[in-house]
Amino acid sequence: MTFVLQRSIRAALTLWIVVTVVFTATRMSGDPTYHILPPNTPEVKREVLRHQLGLDRPLVTQYVDYLSGLADGDFGHSFFSGRMVTEMYLERLPATLNLALPSLLLAILIGLPIGTIAAVKPNSPVDRGLMALTFVGQAVPNFVLGIVFILLFSLTLRLLPSGGTGSWPHYILPVLTLGIASIASISRLTRSSLLDVLGQDYIRFVRAKGLPPSKVIIKHALRNALLPVLTVIGLQVGTLIGGAVVVEVVFAWPGAGRLLVAAVMQRDFPMLQFGVLAVAATVIIANVFVDVGCGLLDPRIQARAS
Amino acid sequence: MSVHGQLVPEGSRLIALSKRMQSLLQWNHFRRMPALIRMAAVTIVMLCLVAVLAPLLAPYGSGDQDLLVRLQPPVFLGGAWSHPLGTDHLGRDVLSRLLFALRTTLIIASLGVIVGVVTGGLAGLASGLAGRRIDNMFMLLVDAQASVPLTLLALAAVALTGSSPLVLILIVGISEYDKYARVVRSQVLVIKSRTFVESARALGASPLRVAFRHVLPGLVSPLTVLATINFSSVVILESALSFLGVGIQPPNTSLGAMLGEARNYLISNWCLAAIPTAFIVMITMAVSLLGDWLRDLFDRRLSS
Amino acid sequence: MNDRRDAILRVEELHTQFLTSHGPVHAVNGVSFEIRPGETLGLLGESGSGKSTIGLSMLRLLPPGRGRISGGRVLFGGEDLVTASEKRMRRLRGRDIAMIFQESLSALNPVYTIGEQIAEVIRQHERLDRRAAMKRAAEMLEMVGMPDPGRRLGEYPHELSGGMRQRVVIAAALACQPKLLIGDEPTTALDVTVQAQILDLIADIQHRTGMAVLFITHDLGVVAEIAHRAIVLYAGRVVEEADTQSLLARPRMPYTQGLLRSLPQFAKGHRLAAIPGAVPNPRSLPTGCAFHPRCQEAKADCAQTLPALTEAGDGRRVRCLHWHNIAQDMDLRVRA
Amino acid sequence: MNVLRTNQLAASEATTPLPPLLEVANLQKSFPVRHGLLGRPTATLKAVAGVSLQVFPGEIVGLVGESGSGKTTTGRCLLRLVESSAGSIKFDGVDLMGLSARELRRFRRRMQIIFQDPYDSLNERMTIGDLVGEALTIHGLAVGAVRRDRIFELLQQVGLGSEFADRYPHTLSGGQRQRVGIARALAAGPQFLVADEPVSALDLSVQAQILNLLLDIRDRLNVGMLFISHDLSVVRFIADRVLVMYLGKIVESAPAAALYERAAHPYTQALLSAAPFVGEGQPRQRIRLLGDLPSPVDPPTGCVFRTRCPSATAECSANEPPMRPVGPNHFAACIHLTAS
Amino acid sequence: MLRPIRFAMLAAGMCLASVQFAVAEDLIVGMQEVRPLFDPAIETGNTGIPLSNAIFDTLIRRDFQADGKGTGGELVPALAESWRRVDDHTLEVKLRAGSTFHNGDPLTSKDVKFTFDRILDPKSQYGRSQFQYENIARVETPDDLTVRIVTKKPDPTIEMMLTFPASSIVPKDYFEKVGFDAFGQKPIGAGPYRFVQSIDDDRVILEAFPQYWQGKPPADKLVFREIPDLSARITALANGEVGIINNVTPDQIPAIETLGCCDVRSVMANSQVLNYRTSNPVMADKRFRQGLNLAIDRELLSKALWNGKAEVLHSHQYAEWGDLYNAERPKFAYDPERARELIAQSGYKGEEIDFITSPVYYTNGLAAAEAIVSMWQKIGVNAKVQVNENFYEISNDDPGIEVRNLSDWADLPDPNVTIMWSWTTTALWDGNEAFQELGRKAATTLDKKERFSLYQKVLDNFEDQAPGTVLYRVPDFYGVRHDIKWQPYTNYVMDFRPGNFAVGAGQ
């Protein structure tokens with residue numbers, strides 16, 4: 001399992017870079033006491049707060065403290081609510097996951113078959129039709145899509161709630177809005193990757209062995225074609241979490257994305273820092289899983305690594 | 001090609017001439033475009049033209065208000081010709097705002113893409129040409145960037161720096177740099193492994209000559225394709241930021257900002273939102289279509 | 001030799017074209033030949049001669065949507081494969097007619113073990129459970145000279161050398177004891193020592209099973225080694241057919257002669273008698289005899305008349321207007 | 001150490017009054033193949049494991065071997081396109097290893113390479129004229145009309161018309177491209193050429209044309225040439241002297257005719273017997289080699305060929321066999337040899 | 001184009017949809033924003049008041065309904081049964097016997113004392129509210145049901161103070177047990193609805209408190225749902241997801257009225273004001289500021305942005321002040337010529353004036369900002385709108401040449417609050433000593449006539465100094481389902497107590 005170990009070390013390094021960049025960027029962006037303290041606070045009080053926040057110490061000390069704080073799971077307190085940012089974020093994370101995971105699932109469950117169907121009959125009317133649809137899905141921004149959905153399904157048809165959480169109908173529009181771009185990119189990638197694989201010599205050999213098209217495609221082609229698709233699915237985790245920010249705003253969804261938007265508006269740096277780190281960690285971990293998955297799918301990858 | 005087969009003494013002039021013929025031949029590619037692609041290309045050219053000429057075309061200034069004629073419908077919904085696309089909540093002419101918004105959006109997207117191409121291209125070039133260790137480090141950086149979703153990255157950057165067009169350009173540009181870096185790096189690695197590079201070295205070409213005469217031209221096509229494809233995602237990102245209210249700030253406007261402002265009038269004046277939306281979608285669709293086609297063209301050129 | 005009932009496979013006037021963005025390209029223009037059981041037929045041609053297309057056409061494995069058979073028949077045991085149903089073709093592929101390709105490196109799916117890839121063809125065509133199929137796969141590996149076949153079953157293609165992989169491909173192709181094996185340059189990518197092993201292996205198996213072999217190659221030497229009879233292709237047409245010995249010793253067609261003279265081993269003096277020019281582009285074939293622009297014997301009529309494939313005695317066929325006048329024997333003594 | 005003693009060779013080469021154009025001694029090249037977590041190599045592949053050879057002006061030296069034998073790497077190392085790990089290369093008395101990067105670039109006009117793949121070796125974005133003239137530009141040999149005339153001359157030299165100057169590589173056939181590759185290599189007027197499998201990607205009928213062209217060039221320009229190929233019949237046709245390579249080492253060196261008639265090393269014999277043979281009479285008894293080429297990462301001890309050698313004995317694994325003379329100008333590295 | 005289709009669909013989908021999302025005894029209110037903290041002395045902004053008002057009760061309450069318009073200023077008993085002035089410094093309040101908190105604890109004088117003591121504690125986190133109570137010297141509890149509030153100086157407004165949302169009574173025992181943070185997240189009050197659950201950025205769920213002293217509240221369940229987008233709020237209203245929505249802009253009134261299911265109800269709220277930062281050389285000149293004020297065409301703004309429903313005031317006054325209101329004072333004037341002159345006299349050289357505004361906080365705030373900026377540009381002032389998302393940043397000590405839009409303090413119908421708080425706490429006005437002095441004097445004067453004349457002087461000073469201006473008094477619009485009987489009150493108070501709320505009754 002040196003392969004997994006190797007990937008994990010790389011992931012940890014990547015995360016460390018993110019942490020360092022985030023730390024540097026926030027420390028370079030000015031004095032947060034101006035954002036925390038109420039109007040016309042005397043300089044003395046600011047001084048006190050700066051001391052409390054440890055902002056008066058050398059940068060290196062702050063960095064080391066910051067890292068050791070992270071190691072202890074202390075990601076700081078919100079400038080505004082004063083609560084632990086971890087606690088606040090974790091409270092809101094389920095709502096985002098409730099949005100992002102179904103979207104991912106939807107994207108995989110719809111995107112893979114669409115891409116496969118399109119690739120099996122390239123340039124047929126079915127292929128062209130599906131690809132045109134996915135094309136539109138990719139080109140239309142999700143906030144536009146969300147608004148159109150609300151106008152159509154909530155205001156005009158009055159079939160689905162316009163936003164907020166609650167029963168399962170509340171999920172339909174936001175999940176769809178968030179998922180459509182991913183459906184589009186997964187299906188387009190599946191198609192091109194599958195077409196690529198279908199042009200490979202071993203597919204010709206498999207056909208020469210007399211295997212039926214279903215086996216040729218599902219057993220032989222798809223498994224190979226999935227490798228790049230899997231990588232993109234890993235990247236979709238990030239895209240979806242990022243996209244959730246906008247979709248949460250459009251559908252008044254109480255997820256972590258809106259927490260972060262609020263943090264941006266309030267310059268709540270500890271919150272923002274943790275948000276960026278948490279999302280980065282999620283994406284990086286997802287990618288480790290994807291890489292390991294690729295390794296399981298393709299024995300060559302593990303061989304190359306060890 | 002056989003037309004200029006008989007080159008005799010005036011070789012160099014004829015060489016130059018035939019090079020021009022060659023580029024015309026490339027232009028032929030464009031004349032052989034499918035109708036849809038041609039439409040996309042024409043759309044893009046028109047939009048750019050309109051954006052460039054916005055100050056001349058716009059019947060009003062982008063901020064001119066007439067509070068007494070607020071929220072007028074466009075002519076096709078019974079509005080007056082004085083405001084062909086109607087007016088917004090401040091009585092500003094939607095057509096004029098649209099032209100200026102288009103201009104802002106296209107400028108930010110173009111400059112953003114250029115920033116992305118330059119930073120990403122240089123990083124990728126350095127990574128691809130440098131040794132294994134530097135390459136590894138670059139790729140770690142790229143990985144780190146890729147692990148933070150674009151929207152979040154842009155939000156964080158806005159939070160740190162505040163919002164201004166320049167910041168926006170840098171953000172949308174740099175936030176895409178990892179894609180360029182990756183593509184350029186892999187392309188450099190591909191080109192580096194091509195025999196013609198070795199051949200040039202064997203002829204005694206300096207590293208600079210190899211880089212500029214042999215490697216760089218090979219990057220133009222993929223970079224163009226990628227820049228085209230990314231252009232639409234940059235437009236979307238800028239629009240999303242402006243829509244969230246952290247992008248272009250009033251009284252300046254962009255397509256996304258127009259949509260953001262129109263959000264509150266969706267029900268009473270849906271045209272206000274529909275018009276910028278139509279243009280956002282038009283840009284992203286046209287540009288993506290063109291990008292897709294360019295990529296196919298490029299792939300075909302590579303494979304044949 | 002003229003006993004056609006005997007043939008296991010007969011190709012009649014096969015035409016195949018490819019659809020390209022510049023319109024259809026005729027890759028195969030009316031090719032006819034036959035193979036008898038136990039016989040190895042060499043299909044000799046340079047790049048662009050259409051030799052690989054013939055092999056793919058016979059099994060209807062042309063790239064879907066791009067290549068299609070536009071005429072002729074491929075009779076296998078009296079059944080026309082051109083019009084057979086796709087389902088019927090699947091029954092034939094791998095079971096009655098097997099095909100192997102040049103790219104031993106990429107002919108095996110990288111993500112499955114070689115045992116799985118051999119066993120799957122057995123299970124596809126015979127009612128065998130997994131275990132029995134694996135056992136057969138091991139036997140096949142042993143037959144193709146793979147050391148330690150039991151262990152190898154569980155290995156992945158990337159763990160094998162090129163020669164070993166081509167053996168696996170042959171094992172999979174022969175697993176159902178096909179009546180006909182089509183080899184499309186199966187040794188071209190291999191080193192000579194490995195090529196020799198593979199050629200020996202195929203000859204050996206053929207000797208034991210009596211299967212027919214269609215061996216597609218560009219290499220005169222390989223034809224000389226393995227084929228009983230050979231066909232020379234040029235620009236999608238058969239230009240000469242004869243038993244290997246007479247073809248090499250007494251080529252009738254100027255093209256065949258030119259090829260033989262191009263072989264360095266027969267160089268007279270310190271230069272090779274090369275054929276001038278290059279293989280024509282199938283998109284724009286010369287009129288008349290496709291070879292006439294490169295032919296030193298060409299007369300005026302060669303540019304006008306497409307010569308027929310005519311009988312030249314001893315079961316030989318030649319496509320040349322003037323073969324009577326230019327017939328000459330080759331001196332196949334190796335330069336000292 | 002597998003050292004071909006140059007003095008010994010030179011002494012026996014009594015008919016050659018000239019000093020060798022190229023003299024290579026104990027050339028070695030290893031590649032790191034595996035990297036640990038920190039990128040440190042954990043294993044090396046010895047592609048070239050001590051090669052010594054000489055090329056005289058106007059001489060074509062054939063280098064034969066199967067894939068993985070290290071012949072291509074040897075060619076690259078000779079021109080310092082790949083930096084060798086050890087050994088010395090003397091070109092016309094100049095120590096190539098001692099040249100700085102800048103000096104080396106200047107030196108390149110004197111030694112050139114022709115590549116195997118005529119599709120990959122030409123930059124498809126440049127015209128044939130620019131490709132052929134690139135060396136002229138790099139070394140500042142000619143500009144303007146002089147350059148143009150020189151390009152036309154070179155094109156004619158390789159059998160292409162001057163009308164090709166404005167075409168792009170993708171409009172050319174493989175044979176024509178290879179001619180361009182040759183013209184490109186000749187542009188700066190080299191004294192020495194490495195021809196790295198220059199015909200193996202070409203059709204038989206075109207291959208003959210290119211081989212003739214290379215011979216013409218040698219005769220006309222008196223260049224020395226290292227002709228790398230896996231095809232024995234081609235090497236035998238074109239080369240004056242043939243070196244046989246196996247797993248990074250030269251196992252036999254002989255004049256072309258001698259090698260084919262009296263191959264001394266079991267590997268050479270096997271190679272010869274394995275080559276498909278068009279000709280009259282009985283096919284030779286084929287010597288079957290067992291198994292595959294061993295991994296160059298972990299080569300066998302002693303004689304590298306012993307694992308596949310039909311006549312290997314226990315002693316073969318003990319020591320590396322030295323090159324021994326087996327005939328005039330004919331050497332082989334095998335302990336079982338008897339001079340004939 | 002959309003409309004005919006919409007109506008066709010609407011007819012088809014209506015019956016089905018409205019049943020699907022609303023249950024008769026529950027009320028869901030669509031709010032622009034719902035704050036996640038519930039300490040009534042912390043969340044005193046307009047988003048916090050509706051929640052405080054539902055969860056908590058005060059001793060004395062304003063009878064908003066008294067004038068039939070939701071702006072009534074009469075004081076009526078709530079948790080207090082009665083009150084009287086003991087002397088100039090002391091107010092004695094008799095508590096209503098038997099009222100309890102949501103957790104069943106009886107409400108006694110110690111809770112009242114604790115309520116004010118916790119705010120007045122200088123170490124507490126109630127910094128933003130402390131100044132409002134700074135005149136309170138101490139709170140005494142002679143017995144369980146009697147409270148004496150002793151002020152430092154005579155205070156004419158002390159009864160009114162007790163109606164203030166921050167004066168909501170909190171349970172001492174519970175508060176001390178759980179502490180400040182936990183109380184803010186799980187509040188217990190003595191109001192009509194008790195806290196059930198809060199989901200950040202989504203909703204706050206309350207349920208009826210059956211033991212409420214006024215009787216069982218009319219809604220079984222009261223949910224405040226956050227829907228930041230106005231269009232989305234209207235959609236949710238149309239869709240039957242919510243019964244009432246707040247922060248409707250005048251532009252959207254027709255959109256709601258054409259829905260067919262709902263109507264728009266309004267109440268006059270507070271005034272929107274402009275604040276000039278006077279601590280820079282340009283703004284320091286009062287002629288410049290007067291010029292800016294005269295350049296604003298308030299009637300035009302009202303007509304254009306508010307369908308004429310915003311009221312241009314007779315100086316900085318409210319009619320609810322009663323005896324303190326002077327109807328004679330002229331309205332704010334519009335005189336661009338005079339404005340131009342004043343600007344010229346001030347020596348203004350075209351320095352850039354930043355109009356800093358939040359994009360969403362005030363209804364029409366951004367629109368008004370852009371309109372005002374263009375009015376200023378017409379008289380040659382180089383003004384620019386700067387949108388700033390962060391409300392809290394509005395008072396940092398950046399010395400820019402800037403204008404900010406705010407609303408005044410109209411929580412209590414008294415000039416001490418509306419004028420003095422507005423122009424001393426959050427103003428960017430330097431050097432207002434004379435103004436403050438007048439205000440301080442008026443705030444401790446019990447004699448009504450004298451107070452009146454003092455406040456006239458305050459207004460004179462305000463108009464002359466022009467530290468900003470009052471644009472207009474604006475109405476608050478709510479979208480309400482037809483079958484809901486409910487009247488909005490001024491100052492964002494949303495009252496769902498018995499008497500002001502019923503479903504399906506009458507209308």
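None of these values were measured; they are calculated from a predicted model. Every chain is numbered from 1 and lettered A, B, ... according to where its sequence line falls, protein lines coming before strand lines.
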TODO: Using distance alone, with no hydrogens and no angle criterion, decide if A/Thr24 and A/Tyr63 have a side-chain donor and acceptor under 3.5 Å apart.
DONE: no
Task: 4.5 Å side-chain heavy-atom contact, A/Leu160 and A/Phe149 - done: no
TODO: Identify which part of A/Glu91 has an atom lying under 4.5 Å from any heavy atom of chain E, answering side chain, backbone, both or neither.
DONE: side chain
Open item on the list: Please classify the contact between A/Leu259 and chain E as side chain, backbone, both or neither, with a heavy-atom cut-off of under 4.5 Å.
Closed with: backbone
Task: Contacting region of E/Gln125 [heavy-atom separation from chain A under 4.5 Å] - done: neither
- [ ] Salt-bridge test for A/Arg258 and A/Glu248: reply yes if a basic N is under 4.0 Å from a carboxylate O, no otherwise.
- [x] no
Task: Per-residue contact mode, A/Arg92 against chain E (heavy atom under 4.5 angstrom) - done: side chain
Task: Nearest atoms (heavy-atom pairs only) where A/Ile147 meets A/Val250 - done: N-CG1, 4.2 Å
